[in-house]
Amino acid sequence: MSDQKTNLLIFSADYDKALAAFIIANGARELDMETTMFFAFWGLLLLRDPEKMTLEDKSLYEQMFTLTTPKDAAHLPLSRMNMAGLGKMMLLDMMEDEDTPGLPAFIKGAQNKGVRFCACQLSLDIMGFKLEEMIPGVEVMDVKAYIKDAASAQLQLFI
Amino acid sequence: MSDQKTNLLIFSADYDKALAAFIIANGARELDMETTMFFAFWGLLLLRDPEKMTLEDKSLYEQMFTLTTPKDAAHLPLSRMNMAGLGKMMLLDMMEDEDTPGLPAFIKGAQNKGVRFCACQLSLDIMGFKLEEMIPGVEVMDVKAYIKDAASAQLQLFI
Amino acid sequence: MSDQKTNLLIFSADYDKALAAFIIANGARELDMETTMFFAFWGLLLLRDPEKMTLEDKSLYEQMFTLTTPKDAAHLPLSRMNMAGLGKMMLLDMMEDEDTPGLPAFIKGAQNKGVRFCACQLSLDIMGFKLEEMIPGVEVMDVKAYIKDAASAQLQLFI
């Protein structure tokens, strides 16, 4: 399927939805499909590098935003049943029992397999995040480039 | 890309998801793609005209529903971090800092650019909304017509 | 449209989103499209048969999970406005007023019309559910088979 493409728009910052997205992205690459993930809005939180957080050159709101949102993918909540973290602990334990790697491992795996990581330009601007605060290997992409890529993909999802 | 189509099913009534949807719809039209937005379930709330709300000919539940849901797009909550409106205020302020227009401006822009707005027939019936309560320029579309349009689009998303 | 395919990935376990998914699946089959629903993560909860719940051969977490999640599709909450079940009661009453069948009827209808129901292998493993706990007629499918099916579909959505 090497002439086929997958494009995933990652809007949510839920641990479980992110997991689903990266499992699909990894699978698509294993099927040799060209795979692009476009991180917009809350999805940017998946790309944060906790070591590189900065408050410099940010407005007060941007600083608050930087400080009050999850500081990396490992700290994202579940979309439901989070129950102050208990549901997530349960899920992580169940995953461990099945030898299923966690979200950070899936993210690393996707990058190693050649999944393209793109941060939405407009979302970076609005939320006040800088590319330097993100994990390495992330490109910046605007909405029109996203639309062109997604429209040329055989599989495209909004997650 | 004028021979290509975009179809967005808008199910959610979250301010941030709606923003993402309209940014994509505007971008698709700027790329000259034929673009249809199909508003179903909570998505109908994006189309409400606060001046045209009516309780006539509605069952008690439909009246309660009309009164307790957000009365137009500007009043929609965020999908997360809403924090009694504080998160949304933060987002709106950050958008203003970047000169990014708000949701009502994106909706108007989409209509001016020729994005087709379709309200789901079944959702109107179930929720007890009338087409007269919606902003001008909205068509009614049934599920099968939606499926045909979406299946013929190169880019189709459920938002 | 008998040469066309629809593929729906059902991730959420919200009553309203599930309703939307099954309305689309039923419509696609009525248009003679080959239709596959792939139930992953919380989506598995839609397939549970309350009569067949078991705690045997499950870890403590899996047992807790089995007991604390909705035991079938009829008991799923709404994605918003659930208000301790009041919003859902309102929706169900409004649907009844319009002679719209509820979720269990739509599920049965989809099966009768030949919609293919597939449970995500990995999700079954992680959540500790067994195929025997599900309603009849469900197949197990892995992620790669899902990707292949979805990429060959004209309409594919993540719900």
Side-chain angles (χ1 to χ4, degrees), chain A residues 5-15 17 36 38-45 57-70 76-80 82 120-129 141-159, chain B residues 1-12 14-35 37 78-83 86-103 106 115 150 152-159:
Chain A
K5 287 170 66 173
T6 292
N7 176 296
L8 306 176
L9 190 168
I10 315 299
F11 175 90
S12 306
D14 300 315
Y15 192 94
K17 285 196 177 171
T36 299
F38 180 69
F39 298 85
F41 280 75
W42 310 105
L44 285 182
L45 302 179
D57 295 324
K58 293 193 178 185
S59 71
L60 181 61
Y61 278 120
E62 290 172 351
Q63 290 182 20
M64 277 171 62
F65 202 79
T66 299
L67 291 170
T68 58
T69 48
L76 302 176
L78 290 188
S79 66
R80 63 188 295 141
N82 202 51
C120 169
Q121 171 83 69
L122 182 62
S123 305
L124 284 171
D125 290 347
I126 290 177
M127 295 190 161
F129 286 125
M141 188 185 252
D142 70 15
V143 176
K144 284 185 195 168
Y146 156 73
I147 293 171
K148 284 181 193 170
D149 188 82
S152 70
Q154 281 67 43
L155 173 55
Q156 88 269 130
L157 302 171
F158 180 98
I159 297 180
Chain B
M1 306 181 76
S2 57
D3 54 339
Q4 295 210 309
K5 286 169 68 173
T6 292
N7 177 297
L8 306 176
L9 190 168
I10 316 300
F11 175 90
S12 306
D14 300 316
Y15 192 93
D16 44 356
K17 284 195 177 172
L19 209 51
F22 280 99
I23 290 170
I24 294 170
N26 277 288
R29 276 303 299 149
E30 282 164 24
L31 290 169
D32 222 16
M33 295 172 80
E34 197 184 310
T35 305
M37 299 178 89
L78 290 188
S79 67
R80 62 187 296 139
M81 267 197 73
N82 202 50
M83 305 183 294
L86 182 67
K88 185 173 160 190
M89 210 179 68
M90 242 166 86
L91 179 67
L92 292 179
D93 272 306
M94 291 192 296
M95 285 170 65
E96 209 171 290
D97 285 350
E98 295 298 323
D99 288 324
T100 306
L103 186 52
F106 276 115
V115 173
S152 70
Q154 280 68 43
L155 172 55
Q156 89 269 130
L157 303 171
F158 180 98
I159 297 180

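Atoms considered below: every heavy atom in the structure, side chains included; atoms not considered: hydrogens, waters and symmetry mates. So that the names make sense, note that chain A is the first sequence line, chain B the second, and so on, each numbered from 1.
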Closest contact, heavy atoms only, Ala28(B) versus Ile147(A): N-CD1, 3.4 Å
Option in Leu8(B), Leu19(B), Asp93(B) with maximal non-hydrogen atom pairs under 4.5 Å from chain A: Asp93(B)
Gln156(A) (side chain) donor-acceptor with Gln156(B) (main chain) under 3.5 angstrom: yes
Spatial distance of atom OG (Ser79(B)) from atom CH2 (Trp42(A)) [nearest 0.5 Å]: 6.5 Å
Gap separating the CD1 atom of Ile23(B) from the CZ atom of Phe41(A), nearest 0.5 angstrom: 4.5 Å
From Phe11(A) atom CZ to Ser12(B) atom OG, the distance as rounded to the nearest 0.5 Å: 8.5 Å
Segment of Ile159(A) engaging chain B (4.5 angstrom heavy-atom cut-off): neither
Segment of Asp16(B) engaging chain A (4.5 angstrom heavy-atom cut-off): both
Rounded distance (nearest 0.5 Å) linking atom CG of Leu92(B) with atom OH of Tyr61(A): 9.5 Å
Segment of Ala40(A) engaging chain B (4.5 angstrom heavy-atom cut-off): neither
Interatomic distance, Lys144(A) atom NZ to Leu31(B) atom CG [nearest 0.5 angstrom]: 6.0 Å
Segment of Leu157(A) engaging chain B (4.5 angstrom heavy-atom cut-off): backbone
Ring pair (Phe, Tyr, Trp, His ring centres under 6.0 Å) against Phe38(A), all qualifying residues, sequence neighbours excluded: Tyr146(A)
Interface moiety of Glu96(B) toward chain A, non-hydrogen atoms closer than 4.5 Å: neither
Exercise: identify the closest heavy-atom pair between Lys17(A) and Lys17(B): NZ-NZ, 4.4 Å
Chain B contact via Asn7(A) - which portion, at a heavy-atom distance below 4.5 Å: neither
Least distance between heavy atoms, Ala151(A) atom then Met33(B) atom: CB-CE, 4.0 Å
Atom group of Leu122(A) that falls short of 4.5 Å from chain B, counting heavy atoms: side chain
Results of side-chain contact (heavy atoms from CB on, under 4.5 Å) for Glu98(B) - residues two or more places apart only: Glu62(A), Asp125(A), Thr100(B)
